[in-house]
Amino acid sequence: MHFDVFTLLPEVFEPYLAASIMQRAVSNRLLEVRLHNIRDWATDRHHTTDDTPYGGGGGMVMKPDPVFSAVESVLGNPPGCPVILMTPQGEPFTQKIAMKLAEYDHLALICGRYEGFDERIREHLATHELSIGDYVLTGGELPALVVMDALTRLVPGALGDPDGATDDSHASGLLEYPHYTRPVEYRGWRVPDVLLSGNHAEIARWRRQQALMRTLERRPDLLKTAELTPLDIKFINSMQKEQPDHEV
Ligand code: 9D3
């Protein structure tokens, strides 16, 4: 997987890339991240990358020329790979989108500062627009790292673990069951007896029920698309008789 990142703050990527599992993927030649400072393509004396909005109003807008020049000089015209614009107006990023994007071996990511991009960047340069959720950040750099991190762990071998992210495919679309490790008692809080029983069928049933309860409590929206067996549905219905405050 190869990323070209266009940003006004390339230095913010370096410590995360150097410290995380992403570094190992870089060392193993499974991942390559090239950082490009959009300011290097600003041609005026002050290397201006933003300007005031036509029509007035507050805030500053990313100028088109430095962004087009940066992307086209690195990737050509047309760029030849998807060009993803990180923007609060983009499609909400999900694991499904991550899996789709992981099919490409080369992606460009554009990060903005200021209030937004000149519309011509979205219309004539970007092929995709992504948001990472409904909260306001100061720029697209953390969102770009989030997207690269999620895609990196989908690159075969990048997790080190031989099963790796393929294990995600065993996920049923439910929240996870509770995990415990040693000691069996910590500050008087005991690990549930069922997990110490050695009865693997019983453990599997308990974990499934915990996952279903937790999903019903915290993310009932997920139950609409989760893969549920008739037994799961029976269990959920019995839960709802006890605590009927959730819509499914
Ligand atoms: C006044 C309207 N604001 C939009 C909510 C303007 C604005 C605020 C912050 C425009 C850009 C930004 C900086 N954020 C991003 O560039 C960004 C982002 C985000 O803030 N949240 C979630 N995903 C993303 S992707 C890029």
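As the structure lists them, so they are numbered: ligands from 1, and atoms in each ligand from 1. Worth saying up front: this structure is predicted, and the values here are computed from it rather than measured.
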Enumerate the atoms of ligand 1 whose separation from the nearest heavy atom of [X] is less than 4.0 angstrom.
X      : answer
Gly140 : 15 (C), 16 (O), 26 (C)
Leu130 : 25 (S)
Thr87  : 25 (S), 26 (C)
Val136 : 8 (C), 9 (C), 20 (O)
Thr138 : 13 (C)

[atom] [closest protein heavy-atom partner, distance rounded to 0.1 Å]:
atom                    : result
atom 7 (C) of ligand 1  : Glu115 O, 3.8 Å
atom 21 (N) of ligand 1 : Tyr135 O, 2.8 Å
atom 23 (N) of ligand 1 : Ile132 N, 3.0 Å
atom 12 (C) of ligand 1 : Leu137 O, 3.7 Å

Can you tell me if Gly133 has a non-hydrogen atom under 4.0 Å from ligand 1?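 In this structure, Gly133 qualifies as a contact of ligand 1 - some heavy atom is under 4.0 Å.
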
If the plane angle is over 60° it's perpendicular, under 30° parallel, otherwise tilted; pick one for Trp206 and Tyr180.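 Taking Tyr180 first and then Trp206, their aromatic rings sit tilted (interplane angle of 30° to 60°).
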
According to salt bridge (charged side-chain N to carboxylate O under 4.0 Å, His left out), does anything in residues 106-125 pair up with another residue at least two apart or in another chain? List the pairs.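 Listed once each, the pairs are Arg113-Glu141, Asp118-Arg120, Glu119-Arg122, Arg122-Glu129.
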
Glu72, CD atom: more than 12 neighbouring heavy atoms under 6.0 Å: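 Counting neighbours around CD of Glu72, more than 12 heavy atoms of other residues, nucleotides or ligands fall under 6.0 Å, so yes.
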
In Å and rounded to the nearest 0.5 Å, what is the CG to CG distance from Leu223 to Leu174?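 Between Leu223 CG and Leu174 CG, I get 6.5 Å after rounding to 0.5 Å.
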
Quick one: do the His47 and Asp40 side chains pair a donor with an acceptor below 3.5 Å?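 On atom types as modelled, these side chains do not qualify, holding no pair under 3.5 Å.
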
His36 and Asp4: side-chain donor and acceptor closer than 3.5 Å?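 The criterion, which ignores hydrogens and geometry beyond distance, is satisfied for Asp4 and His36.
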
Which is it for Pro143 and ligand 1 at heavy atoms under 4.0 Å: side chain, backbone, both or neither?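 For Pro143, only side-chain atoms sit under 4.0 Å from ligand 1.
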
So, for His179 and Tyr177, is the gap between ring centers shorter than 6.0 Å?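 Distance test on ring centres: under 6.0 Å, yes.
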
Please compare Pro88, Pro92, Gly116 and report which has the shortest non-hydrogen distance to atom 18 (C) of ligand 1.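 Nearest option to atom 18 (C) of ligand 1, by heavy atoms: Pro88.
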
Criterion side chain to side chain contact (heavy atoms under 4.5 Å, CB included) on Arg190 and Val184, from CA distance to verdict: CA-CA 6 Å; Arg190 281 189 54 84; Val184 74; 4.2 Å; yes

